[in-house]
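What you see is a predicted model, and the numbers here were worked out from it, not measured in a lab. The residues of the chain are indexed from 1 along the displayed sequence.
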Amino acid sequence: MQATGINMTQMCGIGPFITIPGMIAAMNGPQAMFGWLIGAVIVLADGLVWAELGAAMPGAGGTYLYLREAFQYRTGRLMPFLFTWTAMLFIPLIMSTGVIGLVTYLGYLVPGLVDADGAATFTGHAVGIGVVALVVLLLYRRIGEITRLTTVLFGVMLVSVFAVIIAAYSNWHAELAFTFTPGAFSLDGGSFWLGLGAGLMIAIYDYLGYNTSAYLGAEIRDPGRNIPRSIVLSILGIMALYFVLQVGILGVLPWEEAAKPGPIASTVVEHNWGTTAAQILTALVVVTAFASVFAGLLGGSRVPYNAAKDGVFLSWFGKLHPRLNFPHTGLLAMGVITAAGSLLDLATVIAMLTAVFVLVQSIAQVLALVVLRRRQPDLARPYRQWLYPVPCVIALLGWGFVYVHSGQQEIPGTGINQFMLSLGWVGLGVVAFLVWARRERSWPFGPKEIREEFLAEP
């Protein structure tokens, strides 16, 4: 239950409060409620990939550990290096969405931070950058444990979500929630199918975090049993929560109004309970957003540090602050990227981070499971994926569909689409790897180091 709670804490922060309007707009009506269910199918299939790998290799590190073990036979340290390289971009972009959400809801309390279309003004952007600077300043010290913070964050988030759900259903109208757009589900161009790509991209963004227990595998009792259970239970639990929340909101406001960008949770609570209740709820959401950015940057800044200490990433990220004794390089780098990402609109940031992490983490990790079954058949697997290889195929098809859709999105004002960004970032990572590998005298400029760390353990 603790592992499941940790997963759910990471999955549900401010995400649904800022993305539900986008989901409704993308799928053009109340049929948006089914986007959460289809998204859950993809992440459940991918969750079973995480479950087998996490149960078999319960160490700290998650994806880079699995990629290191699977692909070391042919490409040395390239794949774990590329994962860490892409994590340097997609982790702070996830934090950028929290900053965007914070400014959106703060704009409900403080006029002038967002315009009539829900976009941040110059003042709103300044506040967002100030929030990132404050978080980095607060983190610029040695902070060992975030358990209490994540527990408080989860508690505030649950209060916020259930407050919106109770408020919505206190004056709920089924005819609003279940009057679908005419022809929405027709196979020849219905709005449900046309918007499914954008809807799935949003849903998967909101489900991110279901794999957290796998990253903490070294600290979980009986990981072969508890990691798979925690992943499946957390996905099903959050899916139910999102679905009930989505249906509740659709039963309060006409979908055309609910699809407009803005603080949808505050709007629903104000509609049913009045302005004072909405202001209290908004304050809770702002606190949730700030805490999620704080916890995310704290944990994220340790990813390049741990990889560098393990010998699979640039060495300067593995150095501690000479006086304060914490990994400051990763924190500063991710803080800058988070601030820059907060200047973009929410849809662009979600498309950007999706295109980057799907390519190296999600697709490569599914392939890693297949490779390890062939390369290390004697690896102890306390949990073996149900119905293998069906979940792997579903995950690959789902991730491929999401990547194609996100890759077609263009970064406003640049002429660059997400395909170009993700492939360019990976290409730049390959160049950085070659420079680093030459200095380290590892493959392709030296011998491969085959570790098979978990195969050697009893």
Practice task
Applying side chain to side chain contact (heavy atoms under 4.5 Å, CB included), run through Gln418 and Thr348 and close with a yes or a no.
Solution key: CA-CA 9 Å; Gln418 308 298 352; Thr348 298; 4.1 Å; yes

Practice task
Would you please test Met352 and Trp425 for side chain to side chain contact (heavy atoms under 4.5 Å, CB included) and show each step?
Solution key: CA-CA 11 Å; Met352 187 183 299; Trp425 186 255; over 6 Å; no

Handout entry: From CA spacing to verdict: side chain to side chain contact (heavy atoms under 4.5 Å, CB included), Phe71, Leu372
Key = CA-CA 9 Å; Phe71 298 109; Leu372 283 169; over 6 Å; no

Problem - side chain to side chain contact (heavy atoms under 4.5 Å, CB included) evaluation trace for Val293 with Leu102 - result: CA-CA 10 Å; Val293 175; Leu102 185 151; 5.9 Å; no

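Aromatic pair Phe81/Phe313: centroids less than 6.0 angstrom apart.
Trp172 places a side-chain N or O within donor-acceptor distance of the main-chain N or O of Val247, the cut-off being under 3.5 Å. Listed for the Gln72 side chain is a donor-acceptor partner under 3.5 Å among the backbone atoms of Glu69. Of the possible donor and acceptor atoms, none in the side chain of Trp443 sits under 3.5 Å from a partner among the backbone N and O of Leu78. Side-chain atoms of Glu52 do not come within 3.5 Å of backbone N or O of Leu48 as any donor-acceptor pair. A side-chain donor-acceptor contact under 3.5 Å links Asn306 to the backbone of Arg302. Remark: the backbone N or O of Tyr403 is paired with a side-chain donor or acceptor of Ser406 at under 3.5 angstrom. Using modelled atom types, no side-chain atom of Asp117 and backbone atom of Ala119 make a donor-acceptor pair closer than 3.5 Å. In this structure, Asp310 contributes its side chain and Val312 its backbone to no donor-acceptor pair below 3.5 Å. At distances below 3.5 Å, at least one donor-acceptor pair connects side-chain atoms of Trp193 with backbone N or O atoms of Phe185. The backbone N or O of Ala214 sits nowhere less than 3.5 Å from a side-chain atom of Asn211 that would complete a donor-acceptor pair.
Put simply, the side chain of Trp255 reaches to within 4.5 Å of the side chain of Leu250, judged on heavy atoms. Within the 4.5 Å cutoff, the side chain of Leu93 has no heavy atoms near those of the Phe357 side chain. With a 4.5 Å cut-off on side-chain heavy atoms, Val99 and Val132 count as touching. Residues Ser96 and Leu344 are not in side-chain contact: their nearest non-hydrogen atoms beyond the backbone lie 4.5 Å or more apart. Residues Leu139 and Leu297 form a side-chain contact, since some pair of their non-hydrogen atoms from C-beta on lies under 4.5 Å apart. Inter-residue side-chain proximity for Tyr383 and Ile227 is flagged as unmet; no heavy-atom pair is nearer than 4.5 Å. Proximity of Arg373 to Gln385: side-chain heavy atoms (C-beta onward) are separated by under 4.5 Å at one or more points. For the pair Phe17/Val161, a side-chain contact is recorded, criterion being any heavy-atom separation below 4.5 Å from C-beta on.
Between Phe34 and Phe243, the ring planes lie tilted relative to each other; the angle falls in the 30° to 60° range. Between Trp50 and Tyr66, the angle of the ring planes goes over 60°, which puts this pair in the perpendicular group of the 30/60° scheme. Between Tyr242 and Trp36, the ring-plane angle classifies as tilted under the 30° and 60° cut-offs.
With 3.5 Å as the limit, one finds a donor-acceptor pair spanning the side chains of Thr63 and Gln365. Between Thr181 and Asn28, the side chains place no donor N or O within less than 3.5 Å of an acceptor N or O (distance only, hydrogens not considered). Glu452 and Tyr73 are linked by a side-chain donor-acceptor pair at a separation below 3.5 angstrom, with hydrogens and angles left out of the test.
Summarising the local packing, CZ of Arg229 is surrounded by 12 or fewer heavy atoms from other residues, nucleotides or ligands at distances under 6.0 Å.
What you find for Ile24 and Ala259 is that their closest heavy atoms are CG2-CB, 3.8 Å. When all heavy atoms of Val156 and Leu284 are compared, the closest pair comes out as CG1-O, 3.6 Å. Residues Leu82 and Val426 come closest through the heavy atom pair CD2-O, 3.9 Å. Across all their heavy atoms, Leu67 and Ala368 have their closest contact at CD2-CB, 4.1 Å. Leu369 and Cys392 make their closest contact through CD2-SG, 4.0 Å (heavy atoms, listed as atom of the first residue, atom of the second, distance). The two residues Gly98 and Ile14 have their closest heavy-atom pair at CA-CG2, 4.1 Å.
Atom CG of Leu428 sits about 4.5 Å away from atom CH2 of Trp85, to the nearest 0.5 Å. To the nearest 0.5 Å, atom OG of residue Ser230 and atom CZ of residue Arg225 are 12.5 Å apart. Here Ile202 contributes atom CD1 and Ile18 contributes atom CD1; the two are 10.0 Å apart, rounded to the nearest 0.5 Å. The CG atom of Leu233 sits 9.5 Å away from the CG atom of Asn7 when rounded to the nearest 0.5 Å. Note that the OG1 atom of Thr212 and the CE atom of Met11 stand 8.5 Å from one another [nearest 0.5 Å]. With rounding to the nearest 0.5 Å, the separation of CD1 in Ile20 from CD1 in Ile249 is 3.5 Å.
A side chain to side chain contact (heavy atoms under 4.5 Å, CB included) with Ile411 is found for exactly one of Asp345, Asn417, Leu421, namely Leu421.
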